[in-house]
Amino acid sequence: MEAAKPRNLGGSLPVPNVQDLAARPQDLTGTPTLLHRYLRPQPNTVDQLLDAPAHEQEHVPVIDLHRLLGQDDRAEEAARLRLACENWGFFQVVNHGIPEETMEEMKRNVMGFFALPLAEKASLAQEPGGIEGYGQAFVVSEEQKLDWADMFFLLTQPPSYRDLHLWPSNPSTFKNCLESYSMEVQRVASELLRAMAENLGARDHSDMTRLAATQGMRMNYYPPCPEAHVDRVLGLSPHSDAVGLTLLLQVSSVPGLQIRRNGGWVPIMPLPGALVANVGDVVEVLTNGKYKSVEHRAVVNAREERMSIAAFHSGKFGTTYGPLEEVVGDEEVRYRSLSVEEYVKLVLSSKLDGKNIMDAMKIT
């Protein structure tokens with residue numbers, strides 16, 4: 001019998017709505033204590049590899065899913081995936097089979113949702129002790145620096161995990177569109193995880209594909225930030241994803257995603273129609289560190305808004321995360337095992353701070 005979705009695993013402290021703040025710049029300049037919660041000690045241009053992005057961008061791995069699943073070029077594409085997982089932790093997925101109209105309609109619905117009046121969005125606000133709904137995540141203290149962003153988070157797979165009262169009826173096509181997009185992205189995640197299992201030599205591919213069993217969808221809105229402060233503000237704090245596999249769809253053309261590489265921050269520009277994939281902390285645990293999650297962050301723009309849709313894939317409640325014996329082999333076990341429930345509680349009680357979840361999972 002499938003384990004039910006637990007309640008009250010943890011939530012986030014309430015914070016101001018950033019889209020509303022950005023629409024009232026006079027209040028920001030007139031209330032320094034309010035803006036202070038968003039200003040970082042160092043400019044976000046520190047450690048940014050300004051002379052490297054073009055060179056690095058050429059080498060961000062691109063995985064052709066059609067070739068990966070085919071016969072003729074499968075070995076070559078599988079080798080490219082292995083390199084991406086071992087050396088980058090990030091890659092772009094093309095020829096993934098998701099209809100272009102499905103992706104474009106999903107973008108339109110997310111833009112339509114964030115364009116709604118604040119009161120209408122606030123009717124879908126997160127409830128105490130929960131992460132689903134409209135608001136923000138990983139705010140665990142009144143002292144921590146805040147991200148210049150709002151989010152709308154929903155559990156989308158399996159259907160039994162959904163809280164449909166939080167699914168908006170406006171835009172009118174949102175629910176049906178999200179359901180279609182969710183299933184397509186889950187399929188892509190499962191196919192990628194199966195290919196990873198083959199690369200790792202796992203006899204039972206379900207050891208990895210089970211990490212596509214659940215899916216949460218985080219829709220991000222990054223409003224413009226006043227020019228005078230944009231270099232001291234982040235849309236999303238540096239972190240690695242505490243899930244199995246993330247697939248990101250860029251909604252607007254404004255850049256913002258950056259990954260930690262070679263001691264600095266490198267921008268990632270999604271290819272047209274591509275999904276940006278990244279290895280999560282759970283895959284690092286299961287592979288005993290062979291595949292590593294990578295820190296990333298989001299910067300904001302002084303003039304333009306940015307939106308994105310991140311689909312997070314993980315294992316079901318009632319199961320356990322831990323290094324796979326078959327993958328560990330004769331090596332030393334580097335990470336401890338935890339139930340999915342305990343792992344989620346750990347994640348939701350922590351702020352976004354580099355690879356702090358992995359630090360907590362390591363055996364010292």
Side-chain angles (χ1 to χ4, degrees), residues 1-15 17 19 105-106 109-140 149-187 189 210-221 241-249 251 280 282 307-319 339-350:
M1 183 176 177
E2 181 178 298
K5 179 182 72 173
R7 301 286 177 175
N8 300 317
L9 287 170
S12 183
L13 295 177
V15 295
N17 180 269
Q19 189 174 7
E105 187 181 7
M106 191 67 229
N109 275 280
V110 168
M111 288 189 286
F113 173 79
F114 284 118
L116 293 174
L118 176 58
E120 191 167 349
K121 295 193 291 278
S123 69
L124 302 172
Q126 294 162 323
E127 298 169 354
I131 194 67
E132 287 187 85
Y134 181 61
Q136 191 46 272
F138 307 111
V139 182
V140 297
D150 301 316
M151 72 149 202
F152 185 43
F153 181 79
L154 295 171
L155 287 175
T156 45
Q157 297 292 347
S160 61
Y161 282 15
R162 297 173 184 170
D163 279 334
L164 291 177
H165 74 284
L166 290 172
W167 287 45
S169 55
N170 190 15
S172 60
T173 56
F174 191 101
K175 291 180 180 178
N176 288 339
C177 177
L178 179 58
E179 180 155 19
S180 298
Y181 179 73
S182 166
M183 289 189 295
E184 290 282 0
V185 175
Q186 186 182 40
R187 170 188 58 79
R210 71 185 181 93
L211 298 184
T214 73
Q215 181 191 73
M217 203 77 71
R218 174 174 169 147
M219 291 147 272
N220 302 300
Y221 181 85
D241 287 348
V243 297
L245 184 69
T246 302
L247 294 174
L248 180 82
L249 175 62
V251 174
V282 176
M307 285 171 269
S308 63
I309 308 167
F312 301 116
H313 298 89
S314 301
K316 286 185 177 180
F317 293 108
T319 61
S339 71
V340 172
E341 288 84 351
E342 289 301 314
Y343 180 79
V344 171
K345 286 180 182 178
L346 169 66
V347 171
L348 294 180
S349 66
S350 308

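Because only heavy atoms are used, hydrogens play no part in the values below, and waters and symmetry mates are left out as well, while side chains stay in.
Contact record, F114 with Q19: O-NE2, 2.9 Å, taken as the closest heavy-atom pair. The two atoms that bring V347 and A242 nearest to each other are CG2-CB, 3.6 Å, heavy atoms only. Residues L166 and G133 come closest through the heavy atom pair CD1-N, 4.1 Å.
When side chains are defined from C-beta on, L155 does not count as touching D163, because their heavy atoms never get closer than 4.5 Å. At least one side-chain heavy atom of M151 sits less than 4.5 Å from a side-chain heavy atom of Q126. Looking only at side-chain heavy atoms (C-beta outward), V110 and M219 come within less than 4.5 Å of each other. For the pair V243 and H313, the minimum side-chain heavy-atom distance is 4.5 Å or more. Under the 4.5 Å side-chain criterion, counting only non-hydrogen atoms from C-beta, L249 is not in contact with S308.
Looking at residues two or more places apart in sequence or on another chain, you find a ring pair (Phe, Tyr, Trp, His ring centres under 6.0 Å) between F113 and Y134, F152. By the side-chain hydrogen bond (donor to acceptor under 3.5 Å, both in side chains) test, R218 pairs with Q136, N220, sequence neighbours left out. In terms of the side chain to side chain contact (heavy atoms under 4.5 Å, CB included) criterion, residue partners of E127 (sequence neighbours excluded) are, by chain and number, H165. Residues forming a side chain to side chain contact (heavy atoms under 4.5 Å, CB included) with S339 (at least two apart in sequence, or on another chain): E341, E342. Scanning for salt bridge (charged side-chain N to carboxylate O under 4.0 Å, His left out) contacts around E184 gives R187, with sequence neighbours left out. N170 pairs by the side-chain hydrogen bond (donor to acceptor under 3.5 Å, both in side chains) definition with E120, not counting sequence neighbours. Legend: residues meeting ring pair (Phe, Tyr, Trp, His ring centres under 6.0 Å) with F153, ordered by chain and number and at least two apart, are absent. Among residues two or more places apart in sequence or in another chain, the side-chain hydrogen bond (donor to acceptor under 3.5 Å, both in side chains) test is passed with Y181 by none. Applying the side-chain hydrogen bond (donor to acceptor under 3.5 Å, both in side chains) criterion to T173, with sequence neighbours excluded, gives N109. With sequence neighbours excluded, no residue forms a side chain to side chain contact (heavy atoms under 4.5 Å, CB included) with P14. In this structure, the side chain to side chain contact (heavy atoms under 4.5 Å, CB included) partners of A212, at least two apart in sequence or on a different chain, are A189, S190, L193.
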For L211 and L245, run side chain to side chain contact (heavy atoms under 4.5 Å, CB included): C-alpha distance rounded to whole Å, both residues' side-chain angles, the deciding distance at 0.1 Å, then the answer. CA-CA 7 Å; L211 298 184; L245 184 69; over 6 Å; no
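In this structure, T214 contributes its side chain and Q157 its backbone to no donor-acceptor pair below 3.5 Å. The backbone N or O of L116 lies less than 3.5 Å from a partner atom in the side chain of K121, making a donor-acceptor pair. At distances below 3.5 Å, not a single donor-acceptor pair connects side-chain atoms of R210 with backbone N or O atoms of G315. Of the possible polar contacts, none joining the Q215 side chain to the P158 backbone as a donor-acceptor pair under 3.5 Å is found.
If you take CE on M183 and CG on L178, they are separated by 10.0 Å, rounding to the nearest 0.5 Å. Atom CG of residue N17 and atom OH of residue Y221 lie 9.5 Å apart, to the nearest 0.5 angstrom. Here the straight-line distance linking atom NZ of K175 with atom CH2 of W167 works out to 9.0 Å at 0.5 Å rounding. Of the inter-residue distances, the one linking T156 atom OG1 with F312 atom CZ reads 11.0 Å to the nearest 0.5 angstrom. Atoms OG1 and CG, on T246 and D241 in that order, are 3.5 Å from each other to the nearest 0.5 Å. To the nearest 0.5 angstrom, M217 atom CE is 4.5 Å from S182 atom OG.
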